[in-house]
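Beneath this line is the structure, given in structure tokens, with notes to follow.
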Amino acid sequence: MKTLYLIGFMGSGKSTIGEMLSNMLCLPHIDTDHMVEEVYEQTIASIFQNYGEDTFRVYESEVLKKTSQRNHIISTGGGIVEQKENTQYMNDTGCVIYLKTSFEEIAKRLEDDQSRPLWSQNLQEKKTLFNRREKLYERSADKIIYTDNKSTKEIVEEIKELFV
Ligand code: S3P
């Protein structure tokens, strides 16, 4: 099986679904956000705060390119699609699955979230980011899975069915 890349906005469930798929399919799971924190020994929030978003994007691209093994499940950060080189890389090396979630649902899920620097902007900025990103996700995706009103189990089953 090709490596599966999960993309989507913050709070769309990439990490949770990635972990569940990995357990179900017995394939290794890599989360690029966790990998950035491990490799650079800092939380994402402190990378943003100390060095800015541009530096985070450089780190993110670097770790993505270290995940090129076959047969992996890779959960990406919501902004992975900001760099053309990243989407090119994912399209060349695997199958890209977009977990599509509405803004209203994301807002519910991340209501109390303080850990994501780009979710601490005002409502209008978050909406603008969401609308811009949606186009990038759609352009990069091989498959789109809608997640609103579905359980994580249903989403995982739907992804699994694409490949059996
Ligand atoms: C980001 C999403 C985050 C993390 C960072 C930037 C983004 O990952 O990579 O805070 O630009 O959308 P999640 O999508 O896992 O929250």
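Every number for a ligand or one of its atoms is a count from 1 in the order of the listing.
- What sits closest to atom 14 (O) of ligand 1 on the protein, heavy atoms only, is Lys14 NZ, 2.6 Å.
- Taking a 4.0 Å cut-off on heavy atoms, Phe56 registers as neighbouring ligand 1.
- Looking only at protein heavy atoms, the nearest one to atom 12 (O) of ligand 1 is Arg133 NH1, 2.8 Å.
- Remark: Leu123 CG to Glu125 CD distance equals 10.0 Å, nearest 0.5 Å.
- In this structure, atom 8 (O) of ligand 1 lies nearest to the protein heavy atom Asp33 OD2, 2.7 Å.
- A salt bridge links Arg132 with Glu82: at least one charged nitrogen is closer than 4.0 Å to a carboxylate oxygen.
- Of the residues listed (Thr93, Thr76, Asn86, Thr87), the one engaging Tyr5 in a side chain to side chain donor-acceptor pair (under 3.5 Å) is Thr93, and it is the only one.
- With ligand atoms numbered from 1 in the order given, ligand 1 contributes 5 (C), 10 (O) to contacts under 4.0 Å with heavy atoms of Ile44.
- Remark: Glu105 engages Lys108 in a salt bridge, criterion side-chain N to carboxylate O under 4.0 Å.
- Protein heavy atom closest to atom 16 (O) of ligand 1, with residue, atom name and distance, is Arg116 NE, 2.6 Å.
- Looking only at protein heavy atoms, the nearest one to atom 7 (C) of ligand 1 is Gly79 N, 3.4 Å.
- Put simply, no part of Ser15 is less than 4.0 Å from ligand 1, judged by heavy atoms.
- Not a single N or O atom of Gly8, backbone or side chain, sits closer than 3.5 Å to an N or O atom of ligand 1.
- Here the heavy atom of the protein found nearest to atom 11 (O) of ligand 1 is Arg57 NH2, 2.6 Å.
- Remark: Glu53 engages Arg57 in a salt bridge, criterion side-chain N to carboxylate O under 4.0 Å.
- The aromatic rings of Tyr40 and Tyr59 sit parallel, their planes meeting at an angle under 30°, below the 60° perpendicular limit.
- Of all atoms in ligand 1, listed by their number and element, those nearer than 4.0 Å to a heavy atom of Pro117 are 10 (O).
- Between Ile97 and Ile145, some side-chain heavy-atom pair lies under the 4.5 Å cut-off.
- Taking every non-hydrogen atom of Leu118 and a distance limit under 4.0 Å, the qualifying atoms of ligand 1 come out as 7 (C), 11 (O).
- Donor-acceptor pairing under 3.5 Å is recorded for the side chains of Gln83 and Ser61.
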